[in-house]
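Written out below as structure tokens is the structure these notes cover.
Numbered from 1 within each chain, the chains take letters A, B, ... in sequence-line order.
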Number of protein chains: 2
Amino acid sequence: MIEKRNTVTIKDVARELGIHHVTVSRALRNTGSVKKETRDQIKKKASELGYKPNRLAQNFRNKRSNVLAVVVPDLRPYFFSKFVSDFMNIAQEAGYSVMIFQSSEKTGVEKEIIDALIGYRVTGVVASVTKDTVYESHFNILRDENIPYVFFDRAPEQAEATQVLVNNFQGAYEAVVAMIKSGKRKIAYISTHYQHKIFRDRLDGYKQALKDNNLPYIKELVIKGGFFMNDGFDQAKKLMDLKEKPDGILAVRDEIGIGVIKYLKKIGFRIPEDVAVIGFDNDPMGVACEPELTTVAQSIPSMVSSSFDLLIRQINSNTLSFEKKIIEPSIIYRGSV
Amino acid sequence: MIEKRNTVTIKDVARELGIHHVTVSRALRNTGSVKKETRDQIKKKASELGYKPNRLAQNFRNKRSNVLAVVVPDLRPYFFSKFVSDFMNIAQEAGYSVMIFQSSEKTGVEKEIIDALIGYRVTGVVASVTKDTVYESHFNILRDENIPYVFFDRAPEQAEATQVLVNNFQGAYEAVVAMIKSGKRKIAYISTHYQHKIFRDRLDGYKQALKDNNLPYIKELVIKGGFFMNDGFDQAKKLMDLKEKPDGILAVRDEIGIGVIKYLKKIGFRIPEDVAVIGFDNDPMGVACEPELTTVAQSIPSMVSSSFDLLIRQINSNTLSFEKKIIEPSIIYRGSV
DNA sequence: GTGAAAGCGCTAACAT
DNA sequence: ATGTTAGCGCTTTCAC
């Protein structure tokens with residue numbers, strides 16, 4: 001059975017020293033004026049007794065936790081796990097704790113998460129929304145509670161909040177141009193069923209690049225499907241069964257792109273000689289396949305530091321602002337184009 | 001500038017209704033006895049006013065948060081991001097929030113995290129320790145505070161706490177046997193510099209399998225290096241530069257195994273005909289490469305559910321127990337053996 | 001430089 | 001079924 005909890009409080013420390021607990025509080029937080037001698041004595045005794053500040057009490061009293069929240073649709077894809085990992089490191093460095101939430105791409109869960117965020121009075125929120133989150137409405141509740149938030153990568157449309165986004169249009173545009181430059185003329189586009197703007201932007205970039213290079217937009221070459229490697233495999237089959245086969249394929253995710261490569265190799269096409277392939281996300285998985293996958297990369301470290309800085313600025317200035325930071329992607333050339 | 005925070009408390013709800021705030025508290029938590037009529041009225045008014053329970057106050061008052069903590073060395077490797085993702089899902093389902101911490105493989109950070117855990121009075125902890133954490137000592141502080149914890153995958157040696165571990169010895173053993181069965185006789189072993197027991201167990205399994213099959217243990221065929229794909233690449237080069245080249249390679253991580261495959265293909269060896277390769281972890285990345293990597297897989301869902309169940313049992317029974325759950329790994333045959 | 005008083009929002013225990 | 005009391009551990013404000 002559990003034994004008595006021997007939680008040490010500032011009052012215990014105070015009693016031991018025959019002083020007032022308020023003085024202990026002051027000393028331990030290095031605020032107010034406490035004689036150096038007393039302060040040292042207090043700190044010594046506190047660590048001697050194994051005093052650990054009760055954050056629950058502190059947070060309650062201060063009406064705010066020291067917690068930053070990160071909300072992502074799914075923690076497993078490389079982009080998100082890397083973002084979260086990096087974000088945690090710089091947040092912890094700066095003295096914040098981090099709570100992570102996963103919406104599983106469900107708007108309903110996202111709403112519950114926001115209620116929890118308010119309940120916990122988190123200090124700030126960094127969020128990437130679900131594929132279906134079109135409106136900012138449920139995030140507005142945070143604003144009512146004066147909890148600053150910034151969106152990264154995926155924001156609601158017309159969000160009136162600070163955002164750190166990738167220029168997806170440009171990324172897709174450049175990827176298509178890269179294939180055109182290497183001599184490709186019939187470039188296909190594989191997307192997911194997800195409706196979020198980032199995917200529409202990529203499609204727009206694709207279309208514009210074709211247009212600017214006097215290439216026709218062929219409806220059959222634009223298809224949508226699932227999110228994973230096997231989906232890419234299946235989509236590639238559909239594309240290569242066409243009478244007018246593509247000689248280049250842009251996939252909205254690296255995983256999909258890898259599935260494409262696997263199918264192409266299976267049916268004996270050479271990459272990039274017969275068909276070029278480009279993906280999105282700079283997933284390390286792209287290095288595992290052969291040829292290595294050329295990809296449109298967004299700089300995660302700069303997204304992390306922008307998100308963090310913009311959030312902290314709002315927290316410290318006690319204002320809710322609306323800034324838009326656009327990260328320009330770049331193509332990482334490997335072997336598939 | 002920030003406008004006045006309009007935080008609604010139970011007292012506000014009570015005042016509006018001309019009743020006592022304790023009744024509101026009872027009604028909202030569905031405890032004690034409150035007339036159904038009153039209860040309904042209260043709930044209606046509460047949601048009307050947009051009341052959100054102040055978790056900070058609740059947790060403080062209850063002396064415990066409703067938070068489960070997960071501590072991992074690094075969030076990015078597939079094994080950990082998948083574990084955390086799954087764990088969060090079932091924890092959220094059960095009404096807990098989750099805080100995630102990353103030790104970055106540093107014992108010092110791990111200690112700080114534990115202090116934070118105590119400060120936040122988390123309800124329970126699930127942890128996988130750093131590569132250098134040999135002793136349980138800093139976790140014992142949690143026990144003093146009656147915070148239950150369970151280790152998963154990586155535990156301190158001789159930990160006196162509940163653990164969910166993988167039978168690493170067996171995994172390595174079977175992997176070697178698999179290669180022997182396919183006719184390999186000179187099997188190499190690539191590990192990391194990490195000292196943690198899980199890697200030593202794998203090495204032991206490797207040795208035992210050789211022994212049981214009357215194969216000599218050749219020192220030169222066992223090498224250690226980094227953690228990543230390029231490290232595997234480099235190690236493979238060393239191995240294949242040997243006069244006595246191996247015809248099978250067991251790598252302690254899939255990423256390393258993929259690096260090995262890349263090197264072997266580069267210098268023209270066929271896989272698995274000339275050299276077989278097996279990795280550990282069932283990282284989806286292994287499906288991206290060619291041939292697809294055969295791997296020793298631990299079932300992450302069962303690790304998650306065991307960890308969660310064992311933790312919750314301790315929380316609910318108010319006891320700290322010491323159980324050891326061993327998950328048996330299995331080999332997933334793909335193309336590299 | 002230190003102490004005394006008050007209260008954050010909530011809930012357990014007791015009283016009615 | 002509802003109300004009263006008290007206090008969790010801490011920090012802010014004001015007094016000395």
Side-chain angles (χ1 to χ4, degrees), chain A residues 4-43 45-46 49-66 115-116 118-123 145-146, chain B residues 4-43 45-46 49-66 115-116 118-123 145-146:
Chain A
K4 208 179 94 277
R5 173 177 244 150
N6 62 336
T7 314
V8 183
T9 73
I10 47 173
K11 284 191 181 169
D12 296 321
V13 179
R15 194 179 326 106
E16 288 274 327
L17 259 27
I19 56 173
H20 198 94
H21 70 272
V22 170
T23 308
V24 175
S25 171
R26 280 195 274 252
L28 261 20
R29 284 176 302 132
N30 297 315
T31 63
S33 37
V34 181
K35 212 195 308 175
K36 179 163 184 340
E37 198 182 327
T38 321
R39 188 181 299 269
D40 292 345
Q41 223 179 349
I42 290 172
K43 292 196 172 172
K45 179 62 76 181
L49 296 177
Y51 168 76
K52 300 247 168 29
N54 183 334
R55 305 272 172 228
L56 259 30
Q58 282 182 330
N59 292 342
F60 167 55
R61 169 60 232 233
N62 297 335
K63 291 186 198 301
R64 61 147 62 180
S65 65
N66 211 33
D115 279 348
I118 293 171
Y120 285 113
R121 304 291 192 272
V122 297
T123 306
E145 300 287 339
N146 289 323
Chain B
K4 208 179 93 286
R5 172 177 245 148
N6 62 336
T7 315
V8 182
T9 72
I10 47 173
K11 284 191 181 168
D12 296 323
V13 179
R15 194 179 324 107
E16 288 274 325
L17 259 26
I19 57 173
H20 198 94
H21 69 272
V22 170
T23 308
V24 175
S25 170
R26 279 195 275 253
L28 261 19
R29 285 175 303 132
N30 295 315
T31 64
S33 39
V34 181
K35 211 197 308 177
K36 178 162 185 342
E37 197 182 325
T38 320
R39 189 182 297 271
D40 293 344
Q41 222 178 350
I42 289 172
K43 291 195 172 175
K45 179 61 76 179
L49 296 179
Y51 168 76
K52 300 248 167 28
N54 183 335
R55 303 274 173 226
L56 259 29
Q58 283 183 328
N59 292 342
F60 167 57
R61 169 60 232 232
N62 297 335
K63 291 187 197 300
R64 61 148 62 183
S65 64
N66 212 32
D115 278 349
I118 293 171
Y120 285 112
R121 303 289 189 276
V122 297
T123 306
E145 301 287 338
N146 288 323

Q) Nearest heavy-atom pair of B:Val13 and B:Lys45: which atoms, and what distance? A) CG1-CG, 4.0 Å
Q) What is the per-nucleotide protein-contact pattern of nucleotides 8-16 of chain D, from the 5' end, where B denotes a base atom under 4.0 Å from a protein heavy atom, S denotes such proximity for sugar-phosphate atoms only, and - denotes neither? A) BBBBBB---
**Q.** Minimum heavy-atom distance between B:Gly32 and B:Arg39, given as atom pair plus value
**A.** O-NH2, 3.8 Å
**Q.** Interatomic spacing from CD1 in B:Ile10 to CG in B:Leu49 - rounded to 0.5 Å
**A.** 13.0 Å
Q. Roughly how many Å is it from CZ in B:Arg39 to P in D:dA1, rounded to a whole number?
A. 9 Å
Q | Considering all heavy atoms, the nearest B:Leu56-A:Phe60 contact | A | O-CB, 4.0 Å
(Q) Please identify the 5'-most and 3'-most nucleotides of DNA chain C with any atom under 4.0 angstrom from a heavy atom of chain A. (A) C:dG1 to C:dG9
Q. With side chains defined as the heavy atoms from C-beta onward, is the minimum distance between A:Asn59 and B:Arg55 less than 4.5 Å?
A. no
Q) Looking only at side chains, do B:Arg61 and B:Gln58 share a donor and an acceptor under 3.5 Å apart? A) no
Q: Over all heavy atoms of both residues, which pair between A:Ala27 and A:Ile42 is shortest? Give the atoms and the distance, please.
A: CB-CD1, 3.6 Å
(Q) Does this structure show an ion pair linking B:Asp12 with B:Arg15, if we count only N-O contacts that are shorter than 4.0 Å? (A) yes
**Q.** N/O (side chain, B:Ser33) to phosphate O (OP1/OP2, D:dA1) under 4.0 Å
**A.** yes
Q) Side chains of A:Arg121 and B:Thr7: closer than 4.5 Å at any heavy-atom pair? A) yes
Q) How bent is the helix from C:dG1-D:dC16 to C:dT16-D:dA1, comparing axes over its five end pairs at each side, to the nearest 10°? A) 40°
Q. What pair of heavy atoms forms the shortest contact from B:Arg64 to B:Thr123, and how long is it?
A. NH1-CG2, 3.2 Å
